[in-house]
Every structure is written in structure tokens, then in C-alpha cells.
Colleague: 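Below is one structure. I have some questions about it.
Below, each value reflects all heavy atoms present in this structure, side chains not excepted, and no hydrogens, waters or symmetry copies. Count residues from 1 along the sequence.
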Amino acid sequence: MSIGTKTADYNNYFMALKGNYRKGTNRFRTILANPATAEEYSTNLGGCCVVLGWPIGADDRNSQALLAMLKDSTVISQSVLTWLGQWYSEYNQDADMMYGDAVRCAELEADPLMARAVSMYRIALGKLIVTLSVGDCADYADINAVVSSTEAMTAVAAAPAAMQALIVNADAITAAAASETAYQAIFANAEALGAVVASKPAMEAMIASPSALSAMVASEPVMQTIISSSIALNAMVTSPVAMKAVAASSTAMAAVAASSTAMAAVAASSTAMAAVAASQTALNAIAANTTALDALYTKKKRMSGASKTLSGKFIILQISDSNAFNTSSYGYATLSDGTKPNWNDYKGKYAYFKQYKKVATYMKNDTDSDDWIDYFQIA
């Protein structure tokens with residue numbers, strides 16, 4: 001029995017590209033670098049199957065390198081159309097036809113191998129997402145055109161299938177996070193925003209975009225949605241960039257300080273507390289809210305004993321009633337601004353920090369053995 005042409009093509013390309021890692025990648029690089037051979041490859045189903053059809057979960061260095069090279073090539077669009085033509089042969093020459101049907105787009109997204117192929121180039125990605133939002137994909141050249149369009153993004157945000165396709169693709173969500181038109185449309189739609197905060201990659205993309213991050217921390221509804229999601233909240237409190245933005249925003253800090261869940265996450269994160277300690281806005285918000293202070297109190301430490309001292313960074317939560325104040329030899333704290341304010345009238349729970357909203361850098365007890373200071377350790 002003779003081997004079919006497509007199978008023979010597959011075997012030939014397999015031997016050329018995967019017989020040896022170094023030689024295979026070099027051969028593919030050379031094929032893609034030359035217009036004639038690149039075009040020939042892009043219309044050869046056997047060759048496209050070797051790269052685009054490599055099973056997910058069986059990846060190796062070679063397969064990843066080949067996919068990356070094809071993604072960056074000038075023939076990625078036709079290569080994907082050729083490969084998808086196994087199932088949709090009548091549409092394998094035209095992107096608008098291939099991605100112009102919502103049922104077909106749903107099928108492409110539902111199959112991990114097909115979804116990987118479609119996600120590899122911006123034209124297919126944009127057109128598929130538009131079609132899933134019940135738009136006309138012929139109106140948009142690629143994902144950049146989609147995220148730049150208010151009309152398109154309003155429709156995408158309102159369509160769960162389109163939002164899911166946007167979120168699961170790194171290039172698409174990164175493009176959306178970089179576009180004010182896109183992220184504002186998402187933030188304005190509760191369901192779309194809910195999908196973003198439920199996705200770690202999506203939240204990381206938003207955090208990585210300075211403009212999107214700024215918009216998030218400036219919006220009380222968005223911050224409340226983030227706080228309601230453990231995934232989103234964790235992404236925020238473990239990111240130095242995100243927490244710096246949160247700590248600098250009175251809107252964001254008010255939302256965080258009022259939430260026991262959010263404050264518990266902040267108190268448990270050294271990254272988050274370092275940002276709080278460096279921001280007067282954040283310290284003011286915590287000092288003004290008992291919920292926030294209670295979260296710190298659950299993790300309090302106690303410095304006790306005659307003339308006991310401690311250096312570092314901490315928030316003073318309570319001073320024992322008998323702890324006398326004397327800056328010359330005992331009973332005082334040095335704050336981050338260098339001051340040593342009299343604590344005699346501020347020994348009640350949280351009273352000292354509410355009055356002096358600063359991080360302490362040094363503490364010293366009175367000379368009596370029963371004196372103590374409760375504090376939250378920052379560093």
C-alpha cells in the first residue's frame with residue numbers, strides 16, 4: 001500500500017524539523033526566512049501538522065522552538081488556515097470566512113489544539129473574538145483593532161464567550177490591558193470584570209499595565225470586585241507594583257481598610273505591608289479604620305520587660321498603662337520622621353497610632369518589669 005501524499009509530506013517535514021533539535025530548528029529558520037520556501041511550507045498540510053499539530057502535553061524544546069518561530073513568521077496566518085483546513089476545507093484561504101461564523105469559532109475555542117493555533121496570530125485572534133461577540137469580523141483587522149474600538153469592546157465585554165477567549169490568551173489580554181478603551185469597557189461591565197478578577201493571568205496583565213492599574217485603584221467598584229476575589233486580591237497584595245499603587249490611592253486604601261478580608265491579606269504579606277509603611281496615605285487609611293487595625297492586632301507581638309528595646313519597622317498598637325514616658329532614658333518610641341512624641345495620653349488600644357500615624361523605628365520600655373508594648377512587625 002502506498003503512503004498518501006499528505007502523510008509523505010508529514011514524514012518528510014518531520015525528519016527535517018524534528019530528527020535533530022539543532023539542525024531541525026536551523027532548517028525551519030531557513031525555510032521561514034526565504035519567501036518562496038516559507039510560502040510553500042504555509043500551504044503544505046503535512047508540514048503544518050508537524051508544527052501546529054504537535055500534541056499539547058507532549059511538548060519538548062524542539063516543538064516549542066518551532067511554534068515560536070512560526071508565530072513570528074510572515075506566514076503564520078496562512079499556515080494556521082491550512083492546518084484548520086483539515087476540518088474546514090472550504091475556508092482555508094480566507095480569514096474572514098474561517099472566523100466569520102460564531103458556531104465554528106466556538107468549536108475552535110473548545111478544542112485546545114485548535115485554540116492554540118488560532119491564538120498564535122493577532123489577525124485570527126481579533127476576528128474570532130469579534131465573531132464570538134456577535135460582531136462582523138470583517139470590520140476588524142486584528143486584536144489591536146478590536147481593543148481600540150469602543151463599539152467592539154463594549155460588545156466583547158457583554159459576551160461571556162468573547163471575554164473568555166480574550167482572557168485565556170496572553171496576547172489578547174495584554175493588548176486589552178494596554179488599551180484604555182478596552183479596559184474601561186471591561187471595568188464598566190460587572191460580568192466582564194468578574195471574569196478578569198477570577199483569572200490570575202488576566203489580573204497579572206492588568207497589573208503590568210500602568211494605565212490599567214491606575215484605573216483599577218482609582219475606582220471604588222473595581223476595588224470592591226477585586227477584594228471579593230481571592231485570586232485578584234492575592235495578585236494585588238503580592239505585587240510590589242500593585243501595592244505601591246494601592247497604598248498611594250485614597251480610594252483603594254479606603255476599600256482595603258474597610259474589608260477584613262483585604263486587610264488580613266495585606267497584613268499577611270510582607271510585600272503589601274512594605275508598601276503601606278512607605279505611604280502616608282495608606283497609614284492614614286489604616287489609622288482611621290478599626291477593621292484595618294483589628295487585622296493588624298490579630299498578628300501583634302509584645303515587647304515586655306524592664307528597659308527592653310527593639311529596632312526595626314513596626315506599628316505601635318497599644319502601650320501598657322504603667323509605661324512611663326521619658327525620652328532621656330526610658331519609655332519612648334522613635335517614629336519614622338525622627339520624633340519621639342509623648343505617649344502618656346495615648347496608651348489605650350490603637351490610641352498612639354491613631355494620634356501619630358507613623359511607623360516606629362525604635363521602642364524602649366519603662367524600667368518596670370511589667371511594662372509592655374504591643375506592635376505589628378513590618379520589618
Side-chain angles (χ1 to χ4, degrees), residues 109 115 119 122 125 129 132-133 143-144 146-148 153-154 156-276 279 282 285 295:
E109 277 297 287
S119 72
R122 305 178 79 83
L125 196 55
I129 288 171
L132 290 175
S133 71
I143 189 62
N144 287 337
V146 174
V147 299
S148 300
M153 281 308 305
T154 299
V156 168
M163 273 302 300
Q164 181 61 23
L166 180 79
I167 287 171
V168 298
N169 184 270
D171 288 341
I173 192 61
T174 298
S179 167
E180 182 176 5
T181 297
Y183 62 69
Q184 291 293 6
I186 292 171
F187 295 166
N189 185 293
E191 190 169 355
L193 178 58
V196 168
V197 301
S199 165
K200 185 174 183 286
M203 276 302 301
E204 289 175 344
M206 291 294 174
I207 289 170
S209 166
S211 59
L213 178 58
S214 178
M216 284 194 295
V217 300
S219 169
E220 195 274 338
V222 173
M223 283 303 303
Q224 291 295 348
T225 304
I226 289 171
I227 289 169
S228 70
S229 165
S230 59
I231 291 172
L233 184 58
N234 183 65
M236 293 291 276
V237 301
T238 56
S239 165
V241 172
M243 277 309 306
K244 183 178 180 180
V246 169
S249 167
S250 57
T251 298
M253 276 308 304
V256 169
S259 166
S260 57
T261 299
M263 274 306 305
V266 168
S269 167
S270 58
T271 297
M273 285 307 302
V276 167
S279 169

Colleague: Pairs of donor and acceptor atoms involving the side chains of residues 247-254, under 3.5 Å and at least two apart or interchain, shall be tabulated with distances.
Modeller:
unit_1: S249; atom_1: OG; unit_2: V217; atom_2: O; d: 2.8
unit_1: S249; atom_1: OG; unit_2: T251; atom_2: N; d: 3.4
unit_1: S249; atom_1: OG; unit_2: A252; atom_2: N; d: 3.0

Colleague: Please report the interatomic distance CD1(I226) to CG(N234), rounded to the nearest 0.5 Å.
Modeller: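 If I round to the nearest 0.5 Å, the distance is 12.5 Å.
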Colleague: Checking V156 against S133 for the side chain to side chain contact (heavy atoms under 4.5 Å, CB included) test, could you report, in this order, the C-alpha distance in whole Å, the side-chain angles of both residues, the deciding distance, and whether it holds?
Modeller: CA-CA 5 Å; V156 168; S133 71; 4.0 Å; yes
Colleague: What are the two closest heavy atoms between N144 and S148, and how far apart are they?
Modeller: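 Taking every non-hydrogen atom into account, O-OG, 2.8 Å.
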Colleague: Would you name the heavy atoms of E191 and P160 that are closest together and state the gap between them?
Modeller: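 Smallest heavy-atom distance, with atoms named: OE2-CG, 3.4 Å.
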Colleague: Can a donor-acceptor pair be found, under 3.5 Å and without considering hydrogens, that links the side chain of S209 to the backbone of A205?
Modeller: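 Checking the backbone N and O of A205 against the side chain of S209, no donor-acceptor pair under 3.5 Å is found.
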Colleague: Take R122 and N169 through the test side chain to side chain contact (heavy atoms under 4.5 Å, CB included) and record every step on the way to the result.
Modeller: CA-CA 10 Å; R122 305 178 79 83; N169 184 270; over 6 Å; no
Colleague: Between CG of L166 and OG1 of T174, what distance do you get to the nearest 0.5 Å?
Modeller: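 L166 atom CG to T174 atom OG1 measures 9.5 Å (nearest 0.5 Å).
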Colleague: Testing the basics here: between Q224 and A255, what is the closest heavy-atom pair and its distance to 0.1 Å?
Modeller: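 Of all heavy-atom pairs spanning Q224 and A255, the closest is NE2-CB, 3.9 Å.
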Colleague: Would you compute the distance between atom OG of S229 and atom NZ of K200 and round it to the nearest 0.5 angstrom?
Modeller: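 Separation between the atoms: 12.0 Å.
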Colleague: Please name the pair of heavy atoms, one in I129 and one in I143, separated by the smallest distance, quoted to 0.1 Å.
Modeller: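 Heavy atoms only, the tightest pair is CD1-CD1, 3.8 Å.
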Colleague: At their closest point, which heavy atom of A177 faces which heavy atom of Y183, and how far apart are they?
Modeller: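 Closest pair (atom of A177, atom of Y183, distance): O-CD2, 3.3 Å.
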Colleague: In sequence, state the C-alpha distance, the side-chain angles, and the governing distance for N189 and M163, and then conclude on side chain to side chain contact (heavy atoms under 4.5 Å, CB included).
Modeller: CA-CA 11 Å; N189 185 293; M163 273 302 300; over 6 Å; no
Colleague: I need the I207 CD1 to S239 OG distance, nearest 0.5 Å.
Modeller: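 The OG atom of S239 is 5.0 Å from CD1 of I207, to the nearest 0.5 Å.
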Colleague: Kindly give the heavy-atom pair with the smallest separation between M206 and I173, and that separation in Å.
Modeller: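 Heavy atoms only, the tightest pair is CE-CD1, 4.2 Å.
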Colleague: Does V256 form a side chain to side chain contact (heavy atoms under 4.5 Å, CB included) with M236? I'd like the steps, not just the answer.
Modeller: CA-CA 11 Å; V256 169; M236 293 291 276; over 6 Å; no
Colleague: How long is the straight-line distance from OG of S211 back to CE of M216, given to the nearest 0.5 Å?
Modeller: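 M216 CE to S211 OG: 9.5 Å, rounded to 0.5 Å.
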